[in-house]
**Student:** 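Pasting a structure below so you can have a look.
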Amino acid sequence: MPQTKHPGNTPQLLNRLTLAGLPPRAAGAHKADFGHVLVVGGDLGTGGAVMLSAQAALRCGAGLVSVATRPEHVAAGLARLPEAMWLGVSSANQLMGPLERASVLVVGPGLGQAAWGRSLLSAVANAHLPQVWDADALNLLARSPLALPSGSVLTPHPGEAARLLGISTEAVQADRPGAARKLARKYASVCVLKGAGTLVADPAGQLALCDHGHPAMAGAGLGDVLTGVLAALLAQGLDAWQAACLGVWLHARAGERLGVEGRGLAASDLVAVIRELLEEHSACLA
């Protein structure tokens, strides 16, 4: 006998009509009104990852952006992105002050899985702030379970999702909706399961599908850009579900627009187009 499908099993399709928007800004708006994103990561050799996240957060409207990374990356960061505050941290103790000033955290881009990254992740996990976890933060989470703060977002690709669930990547891909929902329930957070047909799930079982994107997006650093977009939207007042859905859609649509130019799409190429799309969707002025 055929199985009866419950309507709740059908994902909501992300489009302009189903997405939340940011409100227009008042004439007297101040940078402190739009949050302070702190990006944590960038071990030796992977400083570009935090650069991409910080740039995306800045261009998507976060009022303030700070980056906590290896001291060796600070000079290059200031030269490339002077609008962000670059902090060289050698230990978790040096992260305490920046954590107190932040309103949203990004952790994982370029973090690594060595002692430096593990110590920073432990400090971040104890901060009661909305957070976006990606990359090595997820790999470390799979090895040493931690409780994520309320209002957080996980952004695994299928391999990271498999490690978090203790199953194979093939099993994740065979049932992507089920995997996304299991991760959201397991970590009591919104889960963005990346890949062709990115899915967004929340702990209550709500599921959304993004059917935009382009094969030219198969390259390094695009996930780092997405984390910065999500953090900026959280910093400006969207909740985790709203931020995840809007951020995923903006990221995919930007890749779609640029993908028509063919191969060689660089992650940093997306940032300006995401900014344009966000303005089209949520104008800064009424």
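Here the structure is a predicted model, which means the values were calculated and not measured.
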**Student:** Taking the side chain as every heavy atom from C-beta outward, state whether H281 and L19 have any atom pair closer than 4.5 Å.
**Tutor:** yes
**Student:** Is the side chain of D269 donor-acceptor paired with the backbone N or O of A266 at a distance under 3.5 Å, no angle test?
**Tutor:** yes
**Student:** Considering residues at least two apart in sequence or located in another chain, which fulfil the salt bridge (charged side-chain N to carboxylate O under 4.0 Å, His left out) criterion with D224?
**Tutor:**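 Partners of D224 under the salt bridge (charged side-chain N to carboxylate O under 4.0 Å, His left out) test: none.
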**Student:** Linking I/L/V/M/F/W/Y whenever any side-chain heavy atoms sit under 4.5 Å apart, do V40 and L230 land together?
**Tutor:**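 In one cluster: no.
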**Student:** Please list, chain by chain and in numerical order, all residues satisfying salt bridge (charged side-chain N to carboxylate O under 4.0 Å, His left out) with R16, sequence neighbours excluded.
**Tutor:**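 Only E280 meet the salt bridge (charged side-chain N to carboxylate O under 4.0 Å, His left out) criterion with R16.
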**Student:** Would L193 end up clustered with L148 when hydrophobic side chains under 4.5 Å apart are linked, directly or stepwise?
**Tutor:**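 In one cluster with L193: L148, yes.
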**Student:** Side chains of residues 242-255: which donor-acceptor pairs under 3.5 Å do they make with residues two or more places apart or in other chains?
**Tutor:**
{"unit_1": "Q242", "atom_1": "OE1", "unit_2": "D239", "atom_2": "N", "d": "3.1"}
{"unit_1": "H251", "atom_1": "NE2", "unit_2": "L222", "atom_2": "O", "d": "2.9"}
{"unit_1": "R253", "atom_1": "NH1", "unit_2": "E256", "atom_2": "OE1", "d": "2.8"}

**Student:** How far apart are the closest heavy atoms of A20 and L238, and which atoms are they?
**Tutor:** CB-CD2, 4.4 Å
**Student:** Look up atom CG in L141 and atom CG in L183, then write down how far apart they are to the nearest 0.5 Å.
**Tutor:** 9.5 Å
**Student:** Is it true that the side chains of D134 and T227 contain a donor and an acceptor less than 3.5 Å apart?
**Tutor:**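 No donor-acceptor contact under 3.5 Å links the two side chains.
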**Student:** Under a single-linkage rule joining Ile, Leu, Val, Met, Phe, Trp and Tyr whose side-chain heavy atoms are separated by less than 4.5 Å, which residues share a cluster with L285?
**Tutor:**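 None, because no other hydrophobic side chain comes under 4.5 Å of this residue.
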**Student:** If you compare all heavy atoms of S90 against all heavy atoms of Q94, which two are closest, and at what distance to 0.1 Å?
**Tutor:**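 Heavy atoms of S90 and Q94 come nearest at N-OE1, 2.5 Å.
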**Student:** If the condition is side chain to side chain contact (heavy atoms under 4.5 Å, CB included), which residues does R143 pass it with, not counting sequence neighbours?
**Tutor:**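 Result, side chain to side chain contact (heavy atoms under 4.5 Å, CB included) vs R143: Q113, R118, L140.
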**Student:** When rounded to the nearest 0.5 angstrom, what distance separates CZ in R181 from CG in L199?
**Tutor:** 9.0 Å
**Student:** Tell me which donor-acceptor pairs under 3.5 Å the side chains of residues 161-171 have, and how far apart each pair is, sequence neighbours excluded?
**Tutor:**
{"unit_1": "R163", "atom_1": "NE", "unit_2": "N139", "atom_2": "OD1", "d": "2.9"}
{"unit_1": "R163", "atom_1": "NH2", "unit_2": "N139", "atom_2": "OD1", "d": "3.2"}
{"unit_1": "S168", "atom_1": "OG", "unit_2": "A171", "atom_2": "N", "d": "3.0"}

**Student:** Indicate yes or no: at least one non-hydrogen side-chain atom of L95 is less than 4.5 angstrom from one of L87.
**Tutor:** no
**Student:** Would you please test W116 and V89 for side chain to side chain contact (heavy atoms under 4.5 Å, CB included) and show each step?
**Tutor:** CA-CA 9 Å; W116 181 81; V89 295; 4.2 Å; yes
**Student:** Has S122 got a side-chain atom pairing as donor or acceptor with S119's backbone, closer than 3.5 angstrom?
**Tutor:**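 Not confirmed, S122 side chain does not pair with S119 backbone.
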**Student:** Any salt bridge (Lys or Arg N to Asp or Glu O under 4.0 Å) involving residues 204-223? Give me the pairs, sequence neighbours left out, ordered by first then second residue.
**Tutor:**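 Applying salt bridge (Lys or Arg N to Asp or Glu O under 4.0 Å) to every pair that reaches into residues 204-223, excluding sequence neighbours, yields nothing.
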**Student:** Tell me, please, which residues at least two apart from W86 pass side chain to side chain donor-acceptor pair (under 3.5 Å).
**Tutor:**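 In terms of side chain to side chain donor-acceptor pair (under 3.5 Å), with neighbours along the sequence ignored, W86 is linked to no residue.
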**Student:** With a 4.5 Å heavy-atom cut-off, do C191 and P156 have their side chains touching?
**Tutor:**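 Touching, per the 4.5 Å side-chain cut-off.
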**Student:** Please check this pair: side chain of E160 against backbone of H157, looking for a donor-acceptor N/O pair closer than 3.5 Å.
**Tutor:** yes
**Student:** For G110 versus A49, what's the shortest heavy-atom pair and its separation?
**Tutor:** N-CB, 3.5 Å
**Student:** Test side chain to side chain contact (heavy atoms under 4.5 Å, CB included) on V106 and L38 and set out the steps.
**Tutor:** CA-CA 6 Å; V106 168; L38 173 61; over 6 Å; no
**Student:** Scan the side chains in residues 70-84 for donor-acceptor partners under 3.5 Å anywhere in the protein, sequence neighbours excluded, and list what turns up.
**Tutor:**
{"unit_1": "R70", "atom_1": "NE", "unit_2": "D43", "atom_2": "OD1", "d": "2.7"}
{"unit_1": "R70", "atom_1": "NH2", "unit_2": "D43", "atom_2": "OD1", "d": "3.1"}
{"unit_1": "H73", "atom_1": "ND1", "unit_2": "G42", "atom_2": "O", "d": "3.1"}
{"unit_1": "H73", "atom_1": "ND1", "unit_2": "T69", "atom_2": "OG1", "d": "3.3"}

**Student:** With rounding to the nearest 0.5 Å, note down the distance linking CG in L99 to CE in M96.
**Tutor:**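 Here the interatomic distance stands at 5.0 Å.
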**Student:** Kindly give the heavy-atom pair with the smallest separation between L129 and Q131, and that separation in Å.
**Tutor:** O-CG, 3.0 Å
**Student:** Pairs of donor and acceptor atoms involving the side chains of residues 24-36, under 3.5 Å and at least two apart or interchain, shall be tabulated with distances.
**Tutor:**
{"unit_1": "R25", "atom_1": "NH2", "unit_2": "G61", "atom_2": "O", "d": "2.8"}
{"unit_1": "R25", "atom_1": "NH2", "unit_2": "Q236", "atom_2": "OE1", "d": "2.9"}
{"unit_1": "H30", "atom_1": "ND1", "unit_2": "A32", "atom_2": "N", "d": "3.0"}
{"unit_1": "D33", "atom_1": "OD2", "unit_2": "H30", "atom_2": "N", "d": "2.8"}
{"unit_1": "H36", "atom_1": "ND1", "unit_2": "R101", "atom_2": "O", "d": "3.2"}
{"unit_1": "H36", "atom_1": "NE2", "unit_2": "S66", "atom_2": "OG", "d": "2.7"}

**Student:** If hydrophobic clusters are built from ILVMFWY residues whose side chains come within less than 4.5 Å, do L138 and L234 share one?
**Tutor:**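 L138 and L234: separate clusters.
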**Student:** Could you check whether any side-chain N or O of E279 sits under 3.5 Å from a backbone N or O of C284, counting only pairs where one atom can act as donor and the other as acceptor?
**Tutor:** yes
**Student:** Which atom names give the shortest non-hydrogen contact between C60 and I274, and what distance separates them?
**Tutor:** SG-CG2, 3.6 Å
**Student:** Suppose we screen for side chain to side chain contact (heavy atoms under 4.5 Å, CB included). Which residues come up paired with N15, at least two apart in sequence or across chains?
**Tutor:** L17, T18
**Student:** How close do L105 and A102 get, heavy atom to heavy atom, and via which atoms?
**Tutor:** CD2-CB, 3.7 Å
**Student:** Could you list the donor-acceptor pairs under 3.5 angstrom formed between side-chain atoms of residues 201-210 and any protein atom two or more places apart in sequence or on another chain?
**Tutor:**
{"unit_1": "D202", "atom_1": "OD1", "unit_2": "A204", "atom_2": "N", "d": "3.1"}
{"unit_1": "D202", "atom_1": "OD1", "unit_2": "G205", "atom_2": "N", "d": "3.1"}
{"unit_1": "D202", "atom_1": "OD1", "unit_2": "Q206", "atom_2": "N", "d": "2.7"}
{"unit_1": "D202", "atom_1": "OD2", "unit_2": "Q206", "atom_2": "NE2", "d": "2.9"}

**Student:** Start with the C-alpha gap between S152 and V132, add the side-chain angles, then the distance that decides, and say whether side chain to side chain contact (heavy atoms under 4.5 Å, CB included) holds.
**Tutor:** CA-CA 6 Å; S152 294; V132 184; over 6 Å; no
**Student:** What about L277 and V200, same hydrophobic cluster or not, with Ile/Leu/Val/Met/Phe/Trp/Tyr joined at side-chain heavy-atom distances under 4.5 Å?
**Tutor:** yes
**Student:** Please determine whether side chain to side chain contact (heavy atoms under 4.5 Å, CB included) holds for the pair W133 and T155, giving the CA-CA distance in whole Å, both sets of side-chain angles, and the decisive distance to 0.1 Å.
**Tutor:** CA-CA 6 Å; W133 284 41; T155 63; over 6 Å; no
**Student:** Would you kindly confirm whether V192 and V104 end up in one hydrophobic cluster when ILVMFWY residues are joined by side chain heavy atoms under 4.5 Å apart?
**Tutor:**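 Yes.
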